[in-house]
Amino acid sequence: MSTNRTKQTIKADILIVGAGFAGSLATLCLHQAGFEVCLVEKGSHPRFAIGESSTPVADMILRDLSDRYSLSWLRDFSRYGSWQKNYPEITCGLKRGFSYYKHDKQYPFSTDEDHTRELLVAASSSNENSDTNWLRSELDAFLVEKVKEYGIPYFDDTDISRCEKDDSWSFHADRGGHHVVFAADLLVDATGTPSFLGNYMNIDSADDGFHTNSRALYTHFENVTPWSEILQQLDIPAIDYPYDPDHSALHHLIEEGWVWMLRFNNERTSMGIMLDQNRFGNNKTISAVDEWNSIIASYPSLRAVTAPAKLAAVPGRIFRTGRLQRCLAKAVGEGWVALPHTIGFVDPLHSTGIAHSLSGVERVVETIIRHWDDNPKLYAELTRYEEGIFRELELIDKLVAGCYRGLHAFELFNSWTMLYFTAAIRYEQQRLRGKVPSHFLSAGDRGIQQMVDDLFQVLQQLTDSENITAGDQHSFRALVKDYIAPYNTASLLDPGAKNMYHHTAAEL
């Protein structure tokens with residue numbers, strides 16, 4: 001490092017831009033592997049963020065990163081029990097699985113003894129070994145503190161204004177009125193948005209090519225009534241549930257799309273409304289608050305859940321997005337690579353975000369370590385990573401878009417959702433056998449790919465029909481069950497389960 005009164009130059013092997021959890025973890029792993037790494041953040045921590053629902057796949061990757069890069073403390077965050085024992089001051093929530101409830105407009109939620117309007121899929125066998133909901137503001141801030149604790153250069157409130165490239169990169173930035181130059185051989189974009197690469201590499205980002213077309217309203221509330229209390233008030237028994245539904249990623253399926261609820265241990269609840277723009281466009285004539293209230297008011301049981309709630313102080317407002325789907329034209333270039341959430345995003349359904357980001361960290365870090373001294377090989381392997389991310393986004397898109405198509409006929413939704421769980425279980429089982437799959441969610445498995453492609457075509461034809469009969473839904477369920485049979489180790493779509501799956505994830 002060299003300094004003078006007007007300019008500070010920071011030299012590193014690798015510059016990582018963006019200090020969310022993925023950027024911080026990539027920084028820590030590369031540092032542990034012996035690289036000179038610098039982490040730069042435009043803002044500062046703590047800060048509000050969503051993308052809070054972890055999964056068994058994410059937990060497995062956290063444990064592997066912990067072991068491979070001697071980050072022993074990281075393993076504690078891979079299970080609810082060890083997190084609570086060792087870091088209770090960092091807020092999280094207990095997440096036992098995925099729960100889905102089908103609502104009708106203007107009517108209280110109702111179902112029957114066969115749970116024909118409910119689906120609960122357990123992802124863990126106990127609270128101790130459970131997944132978690134991450135309060136991102138606290139966990140992201142903790143990881144940044146770890147970066148500093150390891151002596152890694154970290155610069156927050158730093159706005160990069162221009163870049164130059166000869167044999168290596170020079171990024172010019174302003175930090176509190178001081179000119180800072182970051183010199184590095186490789187850039188890793190972990191910003192989670194396409195803006196940085198768009199501004200400095202002229203890489204376009206587009207939303208065409210996606211089947212999914214959704215937008216979001218979201219915030220954090222306090223004092224949200226537990227869903228289990230609403231069920232009790234409606235005299236809906238939960239005696240055969242595999243877990244308390246409030247200890248899960250709660251999905252309420254509505255005419256406009258679906259509502260998520262993720263609880264934390266501090267009485268805070270993350271809530272969002274996902275709106276299907278293929279059927280309902282972006283209503284810009286009213287405020288985000290009015291749109292939120294109008295939708296919730298149409299569903300009596302959701303109105304009851306939120307009646308005593310108030311906005312959490314942070315963020316203190318309801319956010320409204322445009323279309324969420326996006327993908328960069330390129331994810332790798334000469335001297336740079338982007339992590340998955342920077343490259344593209346589909347939708348929060350199925351909680352793929354954290355796990356997909358972590359799988360990208362794992363692959364990018366390992367590729368850099370293996371091929372750092374061979375630039376042509378490094379670029380070739382990172383290009384393979386890019387191709388893999390694009391394939392993964394295509395798979396996630398179809399898995400999500402199929403659910404939106406099936407929202408209004410719950411048996412279709414239920415059947416299609418099993419394809420996600422099939423792919424996730426397949427991925428978990430491969431990792432447990434000691435073979436890390438080349439693609440997230442088994443997107444590189446030809447059988448999985450063909451299964452999703454074939455069934456998506458059938459679903460498109462079915463849902464394009466004006467009249468979907470009960471017989472159509474039963475036939476589609478039978479077809480899905482036949483297709484997933486070679487992978488179905490969790491008895492998915494077994495009629496005896498009555499949509500209550502007590503444990504589907506691999507033993508972890």
Side-chain angles (χ1 to χ4, degrees), residues 1-49 136-137 140-203 205 328 330-339 341-343 357 360-361 364-365 368 372 375 378 382:
M1 179 189 302
S2 62
T3 62
N4 56 45
R5 294 181 64 185
T6 60
K7 183 172 72 173
Q8 180 181 19
T9 299
I10 309 297
K11 294 183 179 180
D13 297 320
I14 302 165
L15 177 69
I16 297 181
V17 181
F21 73 88
S24 292
L25 286 174
T27 299
L28 287 160
C29 293
L30 287 165
H31 170 80
Q32 292 295 88
F35 291 91
E36 294 290 333
V37 191
C38 180
L39 179 61
V40 174
E41 166 58 44
K42 185 175 182 178
S44 61
H45 289 278
R47 65 181 181 206
F48 175 75
R136 287 283 305 281
S137 59
D140 288 4
F142 170 84
L143 292 173
V144 162
E145 290 304 311
K146 281 293 183 182
V147 167
K148 293 189 282 187
E149 182 182 310
Y150 278 71
I152 302 168
Y154 171 66
F155 292 77
D156 61 1
D157 294 316
T158 301
D159 189 13
I160 293 176
S161 57
R162 64 186 175 93
C163 64
E164 303 163 351
K165 189 170 191 315
D166 292 317
D167 293 334
S168 61
W169 289 106
S170 293
F171 293 92
H172 296 259
D174 178 83
R175 189 176 194 238
H178 298 283
H179 183 196
V180 185
V181 178
F182 300 97
D185 296 315
L186 179 68
L187 167 75
V188 177
D189 186 339
T191 59
T193 78
S195 301
F196 186 87
L197 290 175
N199 290 337
Y200 302 116
M201 309 294 178
N202 294 316
I203 306 299
S205 177
L328 290 171
K330 283 182 62 62
V332 172
E334 185 180 349
W336 64 268
V337 60
L339 293 183
H341 194 56
T342 296
I343 298 168
S357 292
V361 169
V364 167
V365 168
I368 291 171
W372 181 254
N375 278 337
L378 176 61
L382 288 177

Which pairs with one or both residues in residues 151-162 pass salt bridge (Lys or Arg N to Asp or Glu O under 4.0 Å), sequence neighbours excluded?
D156-R175, R162-E164
Which pairs with one or both residues in residues 31-41 pass salt bridge (Lys or Arg N to Asp or Glu O under 4.0 Å), sequence neighbours excluded?
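Salt bridge (Lys or Arg N to Asp or Glu O under 4.0 Å) check on residues 31-41 returns E41-R47.
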Looking only at heavy atoms, what is the nearest atom pair of [X] and [Y], with distance?
{"X": "D189", "Y": "T193", "value": "OD2-O, 4.5 Å"}
{"X": "T342", "Y": "T191", "value": "OG1-N, 3.4 Å"}
{"X": "H179", "Y": "H172", "value": "NE2-ND1, 3.0 Å"}
{"X": "L378", "Y": "I368", "value": "CD1-CA, 3.9 Å"}
{"X": "D140", "Y": "G20", "value": "OD2-CA, 4.1 Å"}
{"X": "L328", "Y": "S205", "value": "CD2-CB, 3.9 Å"}

Spell out, as yes or no, whether a donor-acceptor pair under 3.5 Å connects the side chain of [X] to the backbone of [Y].
{"X": "D166", "Y": "S168", "result": "no"}
{"X": "T27", "Y": "G23", "result": "yes"}
{"X": "Y200", "Y": "I160", "result": "yes"}
{"X": "H31", "Y": "G151", "result": "no"}

Please name all residues satisfying side-chain hydrogen bond (donor to acceptor under 3.5 Å, both in side chains) with Q32, sequence neighbours left out, ordered by chain then number.
none
For residues [X] and [Y], determine if any side-chain heavy atom of one lies less than 4.5 Å from a side-chain heavy atom of the other.
{"X": "V37", "Y": "D13", "result": "no"}
{"X": "V181", "Y": "I10", "result": "no"}
{"X": "Y154", "Y": "E145", "result": "no"}
{"X": "C38", "Y": "F182", "result": "yes"}

Does atom NZ of K330 have more than 12 heavy-atom neighbours from other groups under 6.0 Å away?
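Yes - once you tally the heavy atoms of other residues, nucleotides and ligands closer than 6.0 Å, there are more than 12.
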Please assess F155 against Q8 for the test side-chain contact (heavy atoms from CB on, under 4.5 Å), listing each intermediate value before the final yes or no.
CA-CA 12 Å; F155 292 77; Q8 180 181 19; 4.1 Å; yes
Under the criterion side-chain contact (heavy atoms from CB on, under 4.5 Å), I'd like the reasoning laid out for S24 against L39: C-alpha separation, chi angles, the key distance, then a yes or no.
CA-CA 7 Å; S24 292; L39 179 61; 3.9 Å; yes
Going by side-chain contact (heavy atoms from CB on, under 4.5 Å), W336 matches just one of V17, L197, L15. Which one?
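Result for side-chain contact (heavy atoms from CB on, under 4.5 Å) with W336: L197.
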Are F35 and W372, when compared by the centres of their aromatic rings, separated by less than 6.0 Å?
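So the answer is yes for these two rings.
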Distance (rounded to the nearest 0.5 Å) between [X] [atom1] and [Y] [atom2]:
{"X": "L25", "Y": "L143", "atom1": "CG", "atom2": "CG", "result": "5.0 Å"}
{"X": "C163", "Y": "N199", "atom1": "SG", "atom2": "CG", "result": "10.0 Å"}
{"X": "E149", "Y": "L28", "atom1": "CD", "atom2": "CG", "result": "9.5 Å"}

Check the orientation of F171 and F196. Use parallel for under 30°, tilted for 30 to 60°, and perpendicular for over 60°.
tilted
Go through the steps for L339 and V361 under the test side-chain contact (heavy atoms from CB on, under 4.5 Å), then give the verdict.
CA-CA 7 Å; L339 293 183; V361 169; 4.0 Å; yes
